[in-house]
Amino acid sequence: MTIKLYNTATRSKKIFRPLHPPEVKFYVCGPTVYDYIHIGNARVFIVCDLIRRYLEYRGYRVKMVQNYTDIDDKMIRRAGEENISVSELAEHYIAAYRQDAEALKIRPPDYSPRATGYIPQIISLIGKLLAKGLAYPGGGDIYFDTSRFPPYGKLSSQDREELMAGARVEPGEKKKNPLDFALWKEEKPGEPAWESPWGRGRPGWHIECSAMSMHLLGDTLDIHAGGTDLIFPHHENEVAQSEGATGKPFSRYWIHIGYLNLDHQKMSKSLGNVLTVRHLLKRHNPYDLRFFMLSAHYRSPVNFSEMLLEQARRGRLRLQELVDNLGHALQTASTAMGKDKKSPVSSGLLDGARERFVAAMDDDFNTAGAVAVLFELAREVNLYLKQEYPYQREIVEDVLRFYREVNDVLDIIDFNSSLEMDQEIRRAIAAREEARKKGDWAVADRIREELLDRGILLEDTPHGVRWKRK
RNA sequence: GGCGACAUAGCCAAGUGGUAAGGCAGAGGACUGCAAAUCCUUUACCCCCGGUUCGAAUCCGGGUGUCGCCUCCA
């Protein structure tokens, strides 16, 4: 097993070696549940799910944790605007996230902790940092003292001095140093608060991830992932808190997923160009969205537009067609013994494709390369379907099995797209066949048109009529 | 200002030393009653200028351009 992955911490691609193979401890920074997730969020979650699936495909046992941030400034502000409690807001958007994720074929993680469910662990972690002199009280808040943690800035390759120069100092700050960040915030009127040894209050943003990941996965994770914008300060701060408290490496690998822009612009509330998954799924197929995401490398920034999605849709259709056609071929395939040695589809061809698929994916999850392999194989298989008849059941099944196998990882093809043959449609098709036999093209074409209007597309193959949803 | 990423055909996109995968769109052809699907053929001065090398899209230096982070944005 030689998967290579790019580690943000070392800025290089290295062979992946988890601490205790075959187990992989994988933590993903999940959504702040103050709104519906947008297409950019979706990219992160789709990619992380893909990484998990691929690691499992390669024999690892992945223990995956993805949190919900259900208490922070944005949550409080939003709840205030909607005039509901923070926990009501959280419940609503957690449920919404689950629906969206399921629609996008994102498998649920093994654990989905909420920050508010880990207050005791957070308090104990802060206590440890205070005891070690890495944190200090400022007013009723508790801050992490970045000056006491020399490696600060290592993950994001930032120099402390430079960071200091660029840092903004708010008036009325209770920090000693502009880079210090809040571990615990003193209670403010009307805001949720919990008891702690240093008064009522709530956790800062960064501490929750450290507390939850270490509690569920242990002091050292194998992989920690999130969007690139989390590198600094969020992940830098997590490293400081966690390694400061335990003295052990926090995560062996850091994976950061590139940004998704909308018409070359960052999505933002102020520009009013936020595209939610919910909105997109009304008009688009989830497989098309997934295929779009996976057609570029996860680290490169990608642009999103209706036109690009349409382009992706047509490409994906090629693979979908292939699988549909194979399903159709299976209906007439013979069970003749022994494979035709001269067949363009030999088991060697499939093994070769699998090898190249794995090689691409092993190389830092090169999904674009992996998909290309599927296209190349598709051409060979189409050639077989075109030239060899009757089809041999064993060959058709082998190919289908292969696509099913890789699709367990990528999930870009719908294997349940064939539908029940409706009585009425069956009759219309039979009537059309009758007309065609008589050479009555006008009637045949009219029936085809009528079915097309109803979304049924007919294809006259040399081996019988096929129909599918348009 | 600091840190970092990226620049490959009309479009999307792989490719880290040996004269450029794959997809979309386009053109031509085959198949078809016509379609659809499919197959075949076809489309690249790899941003610019230097350097290293027998040889560079790929390494090094410089430039230009786009973008991200440094503001609790995925």
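Any value given below was found using the heavy atoms of this structure, including those in side chains, with hydrogens, waters and symmetry copies removed. Letters go in sequence order (proteins before strands), and every chain restarts at 1.
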- [ ] Please evaluate the base of rC12(B) for a donor-acceptor partner in the side chain of N303(A) within a cut-off of under 3.5 Å?
- [x] no
- Message: Regarding rA35(B), can its base be found pairing with the side chain of R448(A) as donor and acceptor, where the two atoms are less than 3.5 Å apart?
- Response: yes
With a 4.0 Å cut-off on heavy atoms, is [X] in touch with a base, just the backbone sugar-phosphate, or nothing at all?
X: T69(A); result: nothing
X: S156(A); result: sugar-phosphate
X: R78(A); result: nothing
X: L374(A); result: nothing
X: L385(A); result: nothing
X: H256(A); result: nothing
X: N382(A); result: sugar-phosphate

Just the rounded figure in Å: distance from [atom2] of [N] to [atom1] of [X].
X: L308(A); N: rG10(B); atom1: CG; atom2: C1'; result: 13 Å
X: K266(A); N: rA5(B); atom1: NZ; atom2: C1'; result: 14 Å
X: R299(A); N: rU16(B); atom1: CZ; atom2: P; result: 11 Å
X: R313(A); N: rA13(B); atom1: CZ; atom2: C1'; result: 19 Å
X: K74(A); N: rU71(B); atom1: NZ; atom2: C1'; result: 12 Å
X: M267(A); N: rC67(B); atom1: CE; atom2: P; result: 16 Å
X: L309(A); N: rC11(B); atom1: CG; atom2: P; result: 19 Å
X: D364(A); N: rU16(B); atom1: CG; atom2: P; result: 11 Å

Ignoring backbone atoms, test whether [X] places a side-chain nitrogen or oxygen under 4.0 Å from the OP1 or OP2 oxygen of [N].
X: S157(A); N: rG2(B); answer: no
X: N366(A); N: rA14(B); answer: no
X: N325(A); N: rU38(B); answer: no

* To do: Look only at the side chain of E82(A) and the backbone of L89(A), and say whether a donor-acceptor pair between them is shorter than 3.5 Å.
  => no
Can you confirm if the NZ or CZ of [X] lies within 45° of the ring axis of [Y] and under 6.0 Å from the centre of its six-membered ring?
X: K74(A); Y: Y34(A); answer: yes
X: R354(A); Y: F402(A); answer: no
X: K176(A); Y: Y143(A); answer: no

side-chain hydrogen bond (donor to acceptor under 3.5 Å, both in side chains) pairs touching residues 365-379 of chain A, sequence neighbours excluded, are R356(A)-E376(A)
All N/O pairs under 3.5 Å across the protein-nucleotides 22-25 of chain B interface:
from	atom 1	to	atom 2	distance (Å)
rG23(B)	N2	Q311(A)	NE2	2.7
rA25(B)	OP1	R314(A)	NH1	3.0

> Is there a donor-acceptor contact under 3.5 Å linking the side chains of T116(A) and D70(A)?
Replying inline: yes
Take the angle between the ring planes of [X] and [Y] and call it parallel below 30°, perpendicular above 60°, tilted in between.
X: F365(A); Y: Y54(A); answer: perpendicular
X: F304(A); Y: F292(A); answer: perpendicular
X: H206(A); Y: F181(A); answer: perpendicular
X: Y391(A); Y: Y384(A); answer: tilted

So, with a heavy-atom separation below 4.0 Å from RNA chain B, the residues of residues 440-447 of chain A are W441(A), D445(A)
Heavy-atom count around R11(A) CZ within 6.0 Å, excluding the residue itself: above 12? yes
Against the side chain of R11(A), the closest entry in rG15(B), rA74(B), rG4(B) is rG4(B)
